[in-house]
Amino acid sequence: MAAPGSPVSDWKYDIIQQIHHRNRVESASFKPVFDAYGKLFEFSDSLKAQNTQLNLYVEKLKEENVRLQVSGGTGGSSASDPRAQERIATLEQKLYKLQEELTEMHRRKGENAQQLIDMKNALQEKERLLADRERRIQDQDATIYGMKLAIKQSEAAVLELERTNQLIKDEQQALHIAYCSMEEKFRKMANENEDLIQRWLRHKADEVERMNIETENQNRMRQRSLQRDIIEAAKDPVAVNLERLLGHDDVPMMPVCCVVIPSTAQRKFEAHDAEVNAIRWSPSGRFFATGGGDRKVKLWEPSPSGAEPECRGVLTGSNAAVMAVEFDPGETLIAGASSDFAARVWTLNDQRLRHTLTGHSGKVMACKFFSSSHRVVSGSHDRTLKIWDLRSRACIQTIFAGSSCNDLVCYGSQNIISAHFDKKIRYWDSRSENAVNELLLYGKITSLDMSPDSLYLLACARDDTVKLIDIRNNQVTVTLCADNFKVGCDWTRAVFSPDGQYAMAGSNDGTLYVWNLKTGQHDNVEKTLKEHTTTITSCSWHPQGNQLLSCDKNKKVVLWSDM
């Protein structure tokens, strides 16, 4: 049994109290009926008792009457006795009255019986109404129970919403505080930025003034050097590079290319914030471009005094690593191939992005100007080559090569040569969709380069060799290799010298190899240059043949020169 005050006894007590209250409320309306019904039963019992007494009295009278008749019949004196007759008359009157009372009793009994029937009918009607009310009360109780459950659920939902609302309010207050803090920091940074801009402008003005003074001094020195050279030239005539002496671009340069292989590194510097994938001299050799894993193409100008090259511009717009760079022949545009499935073209004078060539579904590994500055051909890992018209900004031809393209070269007005992952070199005529010819090597090919006379092809492969291929008969004439030469990545670039007499490529140990092609011997390494500490990805030879460039995966670029 539950202890008093416990939750079980409390709800039992509540139920009992509710039952008593319900009994009082519902029985109050039927109390008159119950009272009348009880009085009728009591009255009926009294009538039954009186009727029983009357019947007994009548029976006594009948017995006495019989007894008197018997006594009168047996004795003549009794019949003539006046007292006896008077007594008989009195008894008859009493009998008559009793019969009338009995009749009245029967009539009243019938009336009471009718009233009892009516009261029963009324009681049945009341019971029917009571049952109907009880059924309605049960329905109402069920509805009330459902409403109570709904109220409890609503209260729980309201509590949950209140907690959520409070949480949101707390978060809003925290965010507001953070926003105020960030706004204050932004104002401070804006003020600092404004101060830095002002300081930078003052610094640039000072630097411009200093550069103007240095330029004026250099011009004076060039004039004096020019006068000395003219005096010496008058004594002993020689071929002179007027552009180098005068420092002007509009003076025609002597068609002289004297290839000198440097033996020392003039300058080593960090060019990008990530690995440097591509490097290329401009056609005039005045500056060079690099492409890196930091999604940027940078333009650099070498310093004539041997100092670190100066960055002249940063070309942005790529969304992934830049894998290759290429100048147009007129030195007005520069193209870049990117791992974000697109190639891009910038103008050099204002360094703005002019064209974004999208349509490949894989990394674009090569991008070259084709027959003019208005057409570009790109090669991708989606196994296609695409030719783009920059004037219409559309792809005018798609060539399905059948394998991932790592590099390509263009020669003539219609011919393309591509290097592929399946170890094949394919020759294409842009007027046809099928390969004109192909050549299978022993390793997947990482790069191609065309000789200055467009008769030979230089192919670097992952079997740690560099092949010299005669385009006229599509045959390998010389295989270049070395004991420690290892091709370090799938985009390692090998290049010809400007006169076509030498070949250069970088190894995975950071050594730059230069082979002599004049001897025709595969192991004739002319020179090795060691300054890098990791895989060399690309290299480039200055158009005048007196400087070299190389880059590696460790963000470094090395400018090689004997000057």
Side-chain angles (χ1 to χ4, degrees), residues 278 323-324 326 337 360 362-371 376-387 397-481 485-497 500 502-506 513 515 517 520 522 537-539:
M323 306 305 299
E326 181 73 17
H360 286 289
K363 294 190 295 185
V364 181
M365 301 298 294
C367 183
K368 300 292 178 66
F369 287 95
F370 182 41
S371 74
V376 172
V377 59
S378 58
S380 170
H381 273 191
D382 64 358
R383 301 179 294 177
T384 64
L385 310 178
K386 288 183 180 291
I387 301 176
Q397 186 177 356
T398 299
I399 300 174
F400 294 94
S403 178
S404 298
C405 177
N406 288 331
D407 199 8
L408 57 88
V409 294
C410 306
Y411 70 101
S413 60
Q414 304 292 339
N415 300 314
I416 303 171
I417 304 177
S418 56
H420 295 277
F421 186 83
D422 62 355
K423 308 177 184 179
K424 289 184 179 181
I425 298 175
R426 292 180 171 87
Y427 299 80
W428 308 90
D429 189 331
S430 61
R431 294 165 294 188
S432 174
E433 294 184 356
N434 298 320
V436 177
N437 204 349
E438 63 181 29
L439 176 63
L440 178 64
L441 301 183
Y442 294 103
K444 55 186 177 182
I445 306 157
T446 65
S447 73
L448 295 176
D449 192 33
M450 183 70 68
S451 65
D453 56 6
S454 299
L455 297 179
Y456 293 92
L457 190 67
L458 195 66
C460 182
R462 287 308 298 266
D463 61 352
D464 302 327
T465 62
V466 178
K467 310 286 186 180
L468 182 65
I469 302 168
D470 191 337
I471 298 177
R472 294 166 292 186
N473 55 21
N474 194 29
Q475 291 184 357
V476 177
T477 59
V478 178
T479 299
L480 306 175
C481 60
F485 176 72
K486 303 292 182 182
V487 178
C489 59
D490 289 344
W491 57 92
T492 298
R493 310 298 186 190
V495 296
F496 276 109
S497 64
Y502 298 94
M504 178 173 60
Y513 287 82
W515 290 272
L517 302 178
H522 70 281
T537 56
S538 183
C539 54

Partners passing side-chain contact (heavy atoms from CB on, under 4.5 Å) against E433 (at least two apart in sequence or in another chain): none

- prompt: Are the side chain of S380 and the backbone of G362 linked by a donor-acceptor contact shorter than 3.5 Å?
  reply: yes

query: Is a side-chain N or O of K444 found less than 3.5 angstrom from the main chain of D490, in a donor-acceptor match?
result: no

message: Do I425 and N474 have side chains that approach each other closer than 4.5 Å (heavy atoms only, starting at C-beta)?
response: no

field: Residue pair A494 / A505: nearest heavy atoms and the distance that separates them
entry: CB-CB, 3.7 Å

message: Donor-acceptor pair, distance only, cut-off 3.5 Å: does the side chain of H420 make one with the backbone of S403?
response: yes

field: Heavy-atom closest pair, residues Y411 and M450
entry: CD2-CE, 3.5 Å

query: Just by modelled atom types, is the H381 backbone N or O under 3.5 Å from a matching donor or acceptor in the S404 side chain?
result: yes

- request: May I ask you to decide whether D422 forms a salt bridge with R426, counting only side-chain N to carboxylate O separations under 4.0 Å?
  value: yes

message: Can you tell me how far apart CG (N437) and CG (N473) are? Round to the nearest 0.5 Å.
response: 10.5 Å

field: Within 6.0 Å of CZ in F421, more than 12 heavy atoms from elsewhere
entry: no

- request: Look at the side chain of S430 and the backbone N and O of Q414, then say whether any donor-acceptor pair between them is shorter than 3.5 Å.
  value: yes

- prompt: Can you find a pair of side-chain heavy atoms, one from M323 and one from V364, that are under 4.5 Å apart?
  reply: no

- prompt: Once you round to the nearest 0.5 Å, how far does CG of L408 lie from CD1 of I445?
  reply: 12.5 Å

task: Output the distance between atom CG (L448) and atom SG (C410), rounded to the nearest 0.5 Å.
output: 10.5 Å

message: If the condition is side-chain contact (heavy atoms from CB on, under 4.5 Å), which residues does V487 pass it with, not counting sequence neighbours?
response: T446, C460, R462, D464, F485, T492

- request: Check S418 against W428 and note the closest heavy-atom contact, atom names and distance.
  value: OG-NE1, 2.8 Å

field: Main-chain N/O of C481 paired with T465 side-chain donor or acceptor, under 3.5 Å
entry: no

task: Please assess C405 against L385 for the test side chain to side chain contact (heavy atoms under 4.5 Å, CB included), listing each intermediate value before the final yes or no.
output: CA-CA 8 Å; C405 177; L385 310 178; 3.7 Å; yes

field: Pairwise side-chain contact, L468 with W515, heavy-atom cut-off 4.5 Å (strictly under)
entry: no

task: Report yes or no: does N406 contribute a side-chain atom to a donor-acceptor pair with the main-chain N or O of A419 at less than 3.5 Å?
output: no

- request: Check G500 against L517 and note the closest heavy-atom contact, atom names and distance.
  value: O-CD1, 3.8 Å

- prompt: So, D407 side chain and A366 main chain: donor-acceptor pair closer than 3.5 Å or not?
  reply: no

task: Flag the pair V466 / L458 as yes when at least one side-chain heavy-atom distance between them is below 4.5 Å, and no otherwise.
output: yes

- request: Using only heavy-atom distances, determine whether the side chains of S432 and N434 contain a donor-acceptor pair under 3.5 Å.
  value: no

message: When you compare the side chain of I416 with that of I387, does any pair of heavy atoms fall below 4.5 Å?
response: yes

Side-chain touch C367/V376, heavy atoms, less than 4.5 angstrom: yes

- prompt: If you take all heavy atoms of Y456 and R472, which pair is closest and at what distance?
  reply: OH-NH2, 3.3 Å

Distance (rounded to the nearest 0.5 Å) between Y427 OH and L457 CG: 5.5 Å

message: Contact between T537 and W491 at the side-chain level, heavy atoms closer than 4.5 Å - yes or no?
response: yes

- line: On a heavy-atom basis, the closest approach of V495 and C539 is CG1-O, 3.5 Å

query: Between V476 and L441, is any pair of side-chain heavy atoms under 4.5 Å apart?
result: yes

- prompt: When rounded to the nearest 0.5 angstrom, what is the spacing between CG in L440 and NZ in K424?
  reply: 6.5 Å

